[in-house]
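Let me begin by presenting the structure, written as C-alpha cells, before commenting on it.
Hydrogens, waters and symmetry mates are skipped; everything else that's a heavy atom, side chains included, is used.
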Amino acid sequence: MSISINELIAKREEINARKSQKLTIETSIGEVVAKKPTASIMAEALGLESDNDQYVVYNCIVEPNLKDKELQQAYECVEPMDIVDKVFDVGEVKAISTVLIESVGAGKKLNHAIIDEAKK
C-alpha cells in the first residue's frame, strides 16, 4: 500500500532531519565531518567532465573547512579545489565521494512492481 498524504505530512520533520544529518568519515588525515550532498551539488558534480569526486568532497566536507583561504595558501593551491588532492590520498578521494553519494540513496536498490492498468 502506498503512503498517504497525511502520513507524508506527519513524517515531514523526520524527513528534514534525515536530509540534514552530518557524517563522520575516518580518513588518512583523521576524522572529517561532512554534510550530505544536496541535489544541486549532485547535479553540478554529474555535469563536470572531470574532478567530480573532488567537487563532491570539496563542497561537502565541513570540518576541516577545505574552503579556508589560509589552508589553501599553506598547501600552495592554484585553484581552491586543489586542496582535496593535496590533503587526501589518491584513492581516498573517490572513496570519500562514494560514501557521501551513497548517503543520499544513490545506488540504493529499491523494491518495485509494475502496475498492470489493464487488470483494473
Side-chain angles (χ1 to χ4, degrees):
M1 175 174 262
S2 64
I3 190 167
S4 72
I5 297 295
N6 289 337
E7 290 171 319
L8 195 53
I9 291 170
K11 289 185 173 198
R12 180 177 176 266
E13 295 298 321
E14 177 187 332
I15 290 169
N16 286 338
R18 187 181 70 237
K19 287 186 176 190
S20 64
Q21 287 175 326
K22 291 194 169 114
L23 302 90
T24 57
I25 305 168
E26 198 59 46
T27 71
S28 61
I29 64 168
E31 187 177 272
V32 298
V33 177
K35 62 184 180 178
K36 290 182 174 183
T38 61
S40 60
I41 289 174
M42 294 291 290
E44 288 284 330
L46 292 173
L48 296 174
E49 289 183 27
S50 63
D51 297 334
N52 50 355
D53 291 318
Q54 286 85 346
Y55 184 86
V56 170
V57 171
Y58 180 75
N59 284 288
C60 292
I61 291 185
V62 292
E63 292 176 33
N65 179 8
L66 299 179
K67 295 178 180 182
D68 183 86
K69 299 298 179 203
E70 188 178 342
L71 175 66
Q72 293 171 5
Q73 287 174 349
Y75 278 85
E76 301 174 354
C77 297
V78 176
E79 296 294 326
M81 231 171 35
D82 290 349
I83 192 67
V84 174
D85 288 327
K86 299 233 183 210
V87 297
F88 296 110
D89 290 340
V90 175
E92 193 171 36
V93 174
K94 174 74 173 169
I96 295 167
S97 175
T98 299
V99 166
L100 293 168
I101 291 168
E102 287 176 352
S103 76
V104 292
K108 185 177 182 180
K109 302 270 188 231
L110 300 174
N111 292 331
H112 64 281
I114 297 172
I115 298 173
D116 188 355
E117 294 291 333
K119 289 185 179 181
K120 287 187 174 185

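Rounding to the nearest 0.5 Å gives a distance of 6.0 Å between CG of Asp53 and OG1 of Thr98. For the atom pair Asp82 CG and Leu66 CG, the distance stands at 12.0 Å (nearest 0.5 Å). Distance check: Ile25 CD1 to Ser97 OG gives 9.5 Å after rounding to the nearest 0.5 Å. Between Ile83 atom CD1 and Gln54 atom CD the span is 12.5 Å, to the nearest 0.5 Å. In this structure, the separation between SG on Cys60 and NZ on Lys22 is 11.5 Å, given to the nearest 0.5 Å. To the nearest 0.5 Å, atom NZ of residue Lys94 and atom CD1 of residue Ile96 are 12.5 Å apart.
A pairwise comparison of heavy atoms in Glu7 and Ser2 identifies OE1-O, 4.3 Å as the closest pair. The nearest pair of heavy atoms linking Asn65 to Leu71 is O-CD2, 3.7 Å. Here the closest non-hydrogen pair linking Lys86 and Tyr75 is CD-O, 3.2 Å. Of all heavy-atom pairs spanning Ile41 and Tyr55, the tightest one is O-CE2, 3.8 Å. Taking every heavy atom of both residues into account, Pro37 and Val104 meet most closely at O-CG1, 3.4 Å. Scanning both residues, Phe88 and Ser28, for their nearest heavy atoms gives CA-OG, 4.4 Å.
If you chain together hydrophobic residues whose side chains sit under 4.5 Å apart, Ile61 and Ile29 fall into the same group.
No more than 12 heavy atoms of other residues, nucleotides or ligands shown are found within 6.0 angstrom of CD on Glu76. Heavy atoms from other residues, nucleotides or ligands lying under 6.0 Å from NZ of Lys11 number 12 at most. Residue Lys36 qualifies as enclosed at atom NZ: its count of foreign heavy atoms under 6.0 Å is above 12. Open room surrounds CD1 on Ile5; 12 or fewer heavy atoms of other groups in view lie less than 6.0 Å from it. Within a 6.0 Å radius of CD in Glu31, more than 12 heavy atoms belonging to other residues, nucleotides or ligands are found.
With no hydrogens or angles considered, no side-chain donor-acceptor pair links Lys35 and Asn59 at under 3.5 Å.
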